[in-house]
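First up is the structure itself, then whatever we jot down about it.
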Number of protein chains: 2
Amino acid sequence: MSDAETAELKVLDTAQRLFDARGVQAVGMDAIRSASGVSLKRLYQLFPSKDLLVEAVLRRRDEAVRSSLAAHGERTADGPYERALAVFDWLAAWFAEPEFRGCAFINGFGELGGVSPAVAAISRDHKEALRAYFAEQTDALGAPLVLADQLSLLANGAMVVAGITGSAEPAAQAKAAARVLLDTTR
Amino acid sequence: MSDAETAELKVLDTAQRLFDARGVQAVGMDAIRSASGVSLKRLYQLFPSKDLLVEAVLRRRDEAVRSSLAAHGERTADGPYERALAVFDWLAAWFAEPEFRGCAFINGFGELGGVSPAVAAISRDHKEALRAYFAEQTDALGAPLVLADQLSLLANGAMVVAGITGSAEPAAQAKAAARVLLDTTR
DNA sequence: ACATCGGGAGAACGATCGTTCTCCCGACCG
DNA sequence: CGGTCGGGAGAACGATCGTTCTCCCGATGT
């Protein structure tokens with residue numbers, strides 16, 4: 001049934017948008033229902049509880065971010081050096097979206113990480129994946145592993161500062177810093 | 001009345017500890033009451049609403065962090081170069097605390113920044129203060145302002161990654177990266 | 001045509017939460 | 001000693017929320 005699939009997509013899209021804008025706990029199931037047009041009954045047979053919906057939203061976003069990042073790297077950059085730097089261009093485009101209010105995993109961990117082991121684990125895995133992506137590039141450069149950690153710190157710091165200040169500048173600042181680190185460690 | 005003052009301190013300490021551990025919305029006023037031993041009546045005459053209590057907790061923490069950071073810089077470091085790097089030692093000590101679960105302003109912004117302009121503003125001011133502290137040091141070194149922004153990205157990235165992964169390592173990694181940036185821009 | 005079934009709209013339920021109110025005690029003041 | 005007042009404990013209230021239930025309609029199969 002493509003009917004069930006499109007309903008599921010509408011719910012996930014709507015929930016993601018509302019969670020991003022207001023946080024998870026400030027968004028009721030009823031708000032998701034009216035914004036998505038999917039009835040409560042259907043909503044609960046797709047996602048038996050709000051917790052499960054939250055986890056599904058985060059997991060889907062995790063996949064989307066990983067593939068978007070990888071695609072951007074392959075599309076715009078040749079070689080590990082350029083691919084590592086291209087992450088920050090990808091961040092810049094993300095920060096420039098008008099609804100941008102920070103990273104859903106950082107925000108979700110802050111809100112729910114202390115009470116939901118599932119959310120904490122998903123956030124941890126997601127951040128580990130970003131570090132692993134940087135590690136792929138630094139490995140290919142023969143650089144030490146700590147460089148990947150440091151690039152990940154710059155990227156996450158840029159997400160936080162861009163989210164809180166509402167500016168996209170941190171992406172470019174982080175990119176310049178990343179270039180210095182990449183050049184120094186060679 | 002030192003009675004009212006100690007009650008206020010007990011409430012602020014307790015609320016801060018519970019908010020840090022579980023997030024703001026997961027902590028009810030009743031939990032603050034039983035953990036602090038301050039009656040609801042008194043609690044509400046000290047802080048007329050939970051929103052105001054949340055803001056008071058964040059504002060007090062803002063002051064505490066600013067003076068703790070400045071004190072650590074004066075105590076352990078001579079000159080702007082060392083003081084900029086000392087921030088990351090200060091982070092390392094913070095991350096090593098067993099209850100550490102990330103920065104209250106980053107977490108608070110993620111949870112409430114979308115619905116509470118007050119929380120968003122306090123978080124923004126706090127992060128701006130960190131940037132300004134770095135800017136003091138980089139100015140004294142005659143370095144360009146963007147270096148302060150970059151050091152602030154490293155510090156905030158370290159807070160996020162340390163909080164999510166539960167490791168204190170990001171502080172040392174960020175410090176090493178900061179040293180490279182400081183040395184390069186000279 | 002009629003029975004059946006899935007699903008929509010939204011009322012209802014139970015729990016929780018922020019906030020206020022009631023009741024009571026103990027201290028202070030004439 | 002009697003009255004008053006501040007404050008503690010916790011019940012009560014109203015709102016909200018996650019979740020379920022009721023009622024009804026429309027489609028489908030025979």
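In what follows, chains carry the letters A, B, and so on, assigned in the order in which the sequence lines appear, proteins first and then strands, with residues in each chain numbered from 1.
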Determine all donor-acceptor pairs shorter than 3.5 Å in which one atom belongs to a side chain in residues 20-32 of chain A; sequence neighbours excluded.
residue : atom : partner : partner atom : Å
A:D20   : OD1  : A:R61   : NH2          : 2.8
A:D20   : OD2  : A:R61   : NH2          : 2.4
A:Q25   : NE2  : A:E111  : OE2          : 3.4

Got a sec, which residues hit side-chain hydrogen bond (donor to acceptor under 3.5 Å, both in side chains) with [X], two or more places apart in sequence or on another chain?
{"X": "A:R17", "answer": "none"}
{"X": "B:Q173", "answer": "A:D149, B:E169"}
{"X": "A:R60", "answer": "A:D13"}

List the atom pairs, donor and acceptor, that lie under 3.5 Å between side-chain atoms in residues 118-125 of chain A and the rest of the protein, sequence neighbours left out.
residue : atom : partner : partner atom : Å
A:S123  : OG   : A:F105  : O            : 3.3
A:S123  : OG   : A:V119  : O            : 3.0

Residue pairs passing the salt bridge (Lys or Arg N to Asp or Glu O under 4.0 Å) test where at least one lies in residues 71-95 of chain A, sequence neighbours excluded: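 Pairs touching residues 71-95 of chain A that pass the test: A:D89-A:K175.
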Any pair counted as salt bridge (Lys or Arg N to Asp or Glu O under 4.0 Å), so long as it reaches residues 134-148 of chain A, sequence neighbours left out: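 Output for this query is empty, none listed.
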What does the list of N/O pairs under 3.5 Å between the protein and nucleotides 24-28 of chain D look like, with a distance for each?
none

Contacts of B:F95 that satisfy ring pair (Phe, Tyr, Trp, His ring centres under 6.0 Å) - sequence neighbours left out: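 Counting only residues at least two positions away or on another chain, B:F95 forms a ring pair (Phe, Tyr, Trp, His ring centres under 6.0 Å) with B:F100.
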By ring pair (Phe, Tyr, Trp, His ring centres under 6.0 Å) - contacts of B:Y133 (at least two apart):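 Ring pair (Phe, Tyr, Trp, His ring centres under 6.0 Å) check on B:Y133 returns nothing, list empty.
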Pair A:E63 + A:R59, salt bridge at N-O below 4.0 Å: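 Salt bridge: no.
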Where protein sits on nucleotides 10-20 of chain C, one letter per nucleotide: B base, S sugar-phosphate only, - none, heavy atoms under 4.0 Å: B-------SBB
Strand-adjacent residues in residues 15-23 of chain B, judged by heavy atoms under 4.0 Å from DNA chain D: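 Going residue by residue through residues 15-23 of chain B, none turns out to have a heavy atom under 4.0 Å of DNA chain D.
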